[in-house]
2 protein chains.
Amino acid sequence: MSRKQSVTDSDVGDMLTQKGYRRTAGRMALLEILSKTRRPLSIAEIIRLWKKDPLDQATLYRALEDFARTGVVHRSDLNTGTARYEYLHGRPHHHHLVCAKCELVEDVEVCVITEAQKKVLQRSSSFTAVYSHNLEFFGLCTACSKV
Amino acid sequence: MSRKQSVTDSDVGDMLTQKGYRRTAGRMALLEILSKTRRPLSIAEIIRLWKKDPLDQATLYRALEDFARTGVVHRSDLNTGTARYEYLHGRPHHHHLVCAKCELVEDVEVCVITEAQKKVLQRSSSFTAVYSHNLEFFGLCTACSKV
DNA sequence: ACACTAATGCGAATCATTCGCAATAAAACC
DNA sequence: GGTTTTATTGCGAATGATTCGCATTAGTGT
Ligand SMILES: [Zn+2]
Ligand SMILES: [Zn+2]
Ligand SMILES: [Zn+2]
Ligand SMILES: [Zn+2]
């Protein structure tokens, strides 16, 4: 009776079709991994979670960049040297809390920047539009603060 | 009568001495370039502004990392793929406005995050401290918005 | 089944940044 | 001044992340 898994699978597939992508095994698996994780994943983490056969990193990079370009996933650079990709689950954009020691990443759902962004534009001398912002917080997670 | 240039020079040298660095021609020239520019400079920009003889990028990277570690300059990663370094002129930290097309960078002097940062920590489930944040705004500069 | 083209796989290339190590040259010491 | 100590340099080579070129494979629509 439980159709949850298959529904999820077909959801991911439908999403691919809707966005004009082809429903390939690789991109299905990639979206599965991303959609099951509610935080940005690095390439290394994705590779670790990868269960399908071989995995070519060029293909992986291309799929991720492809998804990011159409907003299917969001790419964030958290000053850790490598990009991370996150499935947004339909949520609006949000921010992150990054442990300076172990690079643990936690989602920060609230955004307090929207009005400030308008002020930034007003005060700017050489910009005519501000479309978006990146905001990351850095600190120590519980585990790392004990050491 | 005008001692401005020489005073600036010796200031930069004094700063090196105070921080325990050696007063070398290279690091003097580097600090000159950084201190004369009120926005973060990429390595490529620094090389372009470099007037001294040859310039070894390993040496440059090491000096910049060295300066950043002791707070002489601030390193910022603005999602442009390359790090930028900025002399703070004693100012508190601030944020940036980045043109999505040409990567023009403008300083945003105000910071509206301080109180929000406390809230983020309170709401966090796995962090015990938040020390800092990065905030960058992305938009279009006047020149790029005309095209 | 066929045509069209997105997506893949492979290797090699590129780009930013870092490393190893011997050579230099400040700063400190006699 | 001459000597020691050690930061800094210079060079080349390594690393690591990301991208490119191109032939091959495989969805999708007809
Ligand atoms: Zn997130
Ligand atoms: Zn926001
Ligand atoms: Zn700045
Ligand atoms: Zn701030």
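Naming: A, B, ... by sequence-line order, numbering from 1 per chain.
To the nearest 0.5 Å, the span separating CG on B/L41 from CD1 on B/I47 amounts to 11.5 Å. Atoms CG and NZ, on A/L31 and A/K19 in that order, are 11.0 Å from each other to the nearest 0.5 Å.
Using a 4.0 Å cut-off between a side-chain N of Lys or Arg and a carboxylate O of Asp or Glu, A/R84 and A/E103 qualify as a salt bridge.
Heavy-atom distances to DNA chain C give each of B/T82 and A/G26 a nearest nucleotide, and the one nearer the 5′ end belongs to A/G26.
Judged by distance alone, the side chains of B/H94 and B/H74 never bring a donor and an acceptor atom under 3.5 Å apart.
No donor-acceptor distance shorter than 3.5 angstrom exists from the side chain of B/T59 to the backbone of B/L55, with no hydrogens or angles considered. B/T37 places no side-chain N or O within 3.5 Å of a backbone atom of B/R39 that could act as its donor or acceptor partner. A side-chain donor-acceptor contact under 3.5 Å links A/H95 to the backbone of A/L135.
Heavy atoms only, all atoms of each residue included: B/R23 and B/L16 are closest at CA-CD1, 4.2 Å.
Between the C1' atom of C/dA7 and the CG atom of A/L30 lies a distance of 13 Å, rounded to the nearest Å. At whole-Å resolution of the value, NZ in A/K19 and P in C/dA7 are 14 Å apart. In this structure, the CZ atom of A/R69 is 13 Å from the C1' atom of C/dA7, given to the nearest Å.
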### Task
Could you go through the side chain to side chain contact (heavy atoms under 4.5 Å, CB included) check for B/V98 and B/N79 one step at a time?
CA-CA 9 Å; B/V98 183; B/N79 279 13; over 6 Å; no

### Query
Where along nucleotides 22-27 of chain C does protein come under 4.0 Å, by heavy atom, of base (B) or sugar-phosphate alone (S), with - for untouched nucleotides?
---BBS

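Looking at residues 57-68 of chain B, you'll see B/A58, B/T59, B/R62, B/D66 sit with a heavy atom under 4.0 Å from some atom of DNA chain D.
Aromatic ring centroids of B/F67 and B/Y21 lie under 6.0 Å apart.
Read 5' to 3', the first and last nucleotides of DNA chain D with an atom closer than 4.0 Å to a heavy atom of chain B are D/dT6 to D/dG12.
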